[in-house]
Chemist: 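This is the structure I want to talk about, given as structure tokens.
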Amino acid sequence: MPATPVTVESQDPRYDALKRGRNARFPSSDSEAASRILLCSNAAETAEGLQRVVTAGLRPTVRSGNHCYEDFVVNNPHGAIIDLSLHNSVDSASGHPIRIAPGATLGEVYTALYKRSLLTIPAGTCATVGSGGHISGGGYGLLSRLYGLTCDWITGVDILTVDANGKVIERQTDKLHNPDLFRACRGAGGGNFGVITNFYFDKLPPAPREVAETSMSIPWSSLDEAKFTKFLTIYGDYWEGRAKDPDTWGLFTILDISPSNGGAGRLGMSIQFCNPDGTASDLSVLREFCNKFADLHPVFAQRGGGGGGGGGFRRDAALGTSTDPNQITRRAWIDATVGGGGGGGQRAKYKSAYMKQSFTSAECSAIFRFMNSPDLDPTGVTLAIDSYGGATNNPDRILDTSMAQRSSVMKLQYLGSWRDEKQDASRIKFMDDFYTAIYSGPQVPDQYKGTPFGPRYEGCYMNYPDVAMLRYSHWPQLFYGPGDLYPFLQRVKKQYDPNNIFHSSMSVRA
Amino acid sequence: MSRPDLRWNRRTFIAAAGLTAADSMMTRLRTAEPSPKLAAHRSAPFIAYVGFAPQGDSASDRIESYRVDDGSWTNIGGPIKHQAPRALALHPELPVLYALHSNARYRHLPRGSVSAYSVDASGSLALAGREPLSLSATYPEHLAISPDGGAMLVSSAAGGSYNLFSVAAGGALSPAPYPLKQTGSGPHPLQARAHPHAVLFHPSCVAAYAADLGADRILQLTHTNGALTIASRVSFAPGSGPAHIAIHPSGNLIVVSSQLRPALTVLALIRQSGKLGTPTQQMAVDADTPGPIAVNRTGDRLYAIAGRRSGEISVSTYALSAATGRLRAMSRMHVGEIGAVAHIALAEDQLLLASAKGIASLPIDRRSGLLDKASLVVRRPGAVSIALRTL
């Protein structure tokens, strides 16, 4: 008897809840929603469900944690969502010490790996994100400066593809078997070639024993444009200058820039650090970083709170003060890592940019201008600037993964969120205007105006997809680099998905 | 003289069709050389809408409207800018023209689209709306409107899918068409994937039919509550490449033109259900590039385009027996080097070819149904689609 996934159709009480994405913008309308959701608990059920969908001529879209920023999954009119959230085991398999199913959330992965073997993956901060989408799109996180991207560690992938005649094929891929498809599964993003049913890792890095944390903020009221520029420049210069300094690779920060709101707002930075040995015994690197901003008199506050409180790295509340000048606290890495919620339920728009160098004055000026716009709604807009470089910039990994961005020192995420559907157009326009302005300065070559491309940039991150970038003819190069990666992915697409069964607004073009 | 059934006339007139070619029994066929002087042919008045794609230095993509009266073709209004108008179809009742945009992208997304134009009393067009096809439905090349005007079916060759639109009472297309994604392949290099081609509705609306050049099969498609499903299918020999279809006005036969192994196949259609039945005849045809086919309104003649690699085009006429479901070659008319013929359309007394060099007309003898010498009635390059509206 074939394994059979649970199928939820429109008359099912679960349908309304399961048809939705965490980004409340999607599905865009009832007519855009999928007609059914197939809840698959293992690889066999996934194969059976996928075969039924393909045979019926329906479009399958695939989800693990339901965090897709764009319309790739739940906008699927008349189609079927292959939901892998119940296929969430983290275990071992013959010949592979570590196997992670795509439906496992990052929180589940961190917990299982830590408790069983004191290992981890250098993945993201949001514990409810699903492994399937996160890892197949690269997988950055707080430990990426130390350990690289999660996709760098994959040694095998099980994937279901659909052959030219519509038959579902179970493929085991690694560097010896279907090596081109294996490479494509390491960073090109989900929903392009098939349905991944397992990731394998022959080895993984050790989970740090502890981390040191603090947070820093500066009120907008204390900043004019010159001071703002100085602040951003210190921040950018540090990451540009220390990208190749291994002693700093345990340091990770997210700088959140939110609207000034007439001076009432603040710039906030969350900071986590561990030494390369996984301890927080030597804090000199962290203190040196904090002291870089001393002239601007930032306010430090403690971070943390025991985890599990629904707040991720960005959202941990400040706890109070101590005698430490930088309000540094230490806690177990697992407590600092697991428990991040990840929001959801709001309408949202996201954009991204990789930066190879520090900020220019033109960028600083544009950010300052937009964040101080008198008519800007102060809620729900954030420019989050993550520190990278370090182990993410191993150039050898360009050749065996599908992550082309291996020279950047910062990755910017533009976040906008709101609740009222009537604000969709204005909010999305603001995000677009803001983003376009940043990348229209003299630092961007004329042919790339409006986009983070050229000598200073490395384009955009596919796991922060942004359909607005499709208006640029070089959008594939923005997300996959200017080299031969995108043509390679197109060849893989043609070979393994000849009928373009797996497609979305930004999938690799057939 | 009684007025003919308008719905039938319109359906017939917009019946653009698929590929075919010359007959293996060509030695028995009468042939004629193209007319050295391409003269206009007398015709009952009608409006012709012609889609043009860019060719060399010619004008850009557009739809042109012509009033055809007594053999004279006169432009109505100016050309309408329209990207890649690879197929046109008129609503059977309403003054609405639908035109595909055979593109890889619409609003930066990977899909084609279809526009609806309202037709005024003079025959001039005004854009009424435009709807995208489903994601991945790129480069659509064929469309059909159901005889009751309630549905539109579009095939996407590159996207390997069909899209079914609901058509509202006023002729507007409902958004979010129902996509039916296809898989399948064949041994020919052009058959690496499914390749939906011509689509047509059954005269009774009981079903639609589609030719899949990539998967070597003909499909019967039905739609219930907006969902498009495959009700029956007939597989052809691997490498056949069925591309174009024509349905007998009785609804009892469907003729299939195969492109990769040039042949004509007649299939029975099961009464009431419209299901695809057994072949009643299959005959090889002599052509390098078979072109569209069409059955005349009385159902006793089939016209099939045959192309040569040289660019030379001819049209073969076959007698079609509704009783036996068999074809018999009658004649072959050379048209000349007018380039690829993308679509054809039947007026009351002429067959019109949308070709690389313009619109060619072949008069039809009312008694015998045979074709006379061709004339190039519109000498503008890049004609890729045509639809006719009676006056």
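Just so it is clear: chains get the letters A, B, ... in the order the sequence lines come, proteins before strands, and each one is counted from 1.
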Chemist: Excluding sequence neighbours, so at least two apart, what forms side chain to side chain donor-acceptor pair (under 3.5 Å) with Arg171(A)?
Modeler: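 By the side chain to side chain donor-acceptor pair (under 3.5 Å) rule, Arg171(A) matches Thr161(A).
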Chemist: With a 3.5 Å distance limit and no angle check, can you tell me whether Lys181(B) reaches the backbone of Asn499(A) through a side-chain donor-acceptor pair?
Modeler: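 Side chain of Lys181(B) to backbone of Asn499(A): a pair is present.
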Chemist: Quick check: closest heavy atoms across Gly166(A) and Thr183(B), and the distance to 0.1 Å?
Modeler: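 In this case the closest contact between Gly166(A) and Thr183(B) is CA-OG1, 3.2 Å.
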Chemist: Can you tell me how far apart OG (Ser185(B)) and CG (Asp163(A)) are? Round to the nearest 0.5 Å.
Modeler: 7.0 Å
Chemist: If you compare all heavy atoms of Leu109(B) against all heavy atoms of Ser505(A), which two are closest, and at what distance to 0.1 Å?
Modeler: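 Shortest heavy-atom contact: CD2-CB, 3.6 Å.
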Chemist: Is the CD atom of Glu9(A) crowded by more than 12 outside heavy atoms at less than 6.0 Å?
Modeler: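 Atom CD in Glu9(A) is crowded, with more than 12 foreign heavy atoms closer than 6.0 Å.
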Chemist: Less than 4.5 Å to any heavy atom of chain B: does that hold for the side chain of Arg59(A), its backbone, both, or neither?
Modeler: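 Only the side chain of Arg59(A) comes within 4.5 Å of chain B.
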Chemist: Not counting sequence neighbours, which residues clear side-chain contact (heavy atoms from CB on, under 4.5 Å) with Ser102(B)? List them please.
Modeler: Ala84(B), Arg86(B), Tyr139(B), Pro140(B), Glu141(B)
Chemist: Side chain, backbone, both or neither: which part of Ala192(B) has an atom under 4.5 Å from a heavy atom of chain A?
Modeler: backbone
Chemist: So which residue, His503(A), Lys167(A), Lys494(A), ends up with the most heavy-atom pairs under 4.5 Å with chain B?
Modeler: His503(A)
Chemist: Can any side-chain N or O of His78(A) pair as donor or acceptor with the backbone N or O of Ala176(B) at less than 3.5 Å?
Modeler: yes
Chemist: Of the backbone (N, CA, C, O) and the side chain (C-beta and beyond), which part of Pro175(B) lies under 4.5 Å from a heavy atom of chain A, both, or neither?
Modeler: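 Contact with chain A is absent: no heavy atom of Pro175(B) under 4.5 Å.
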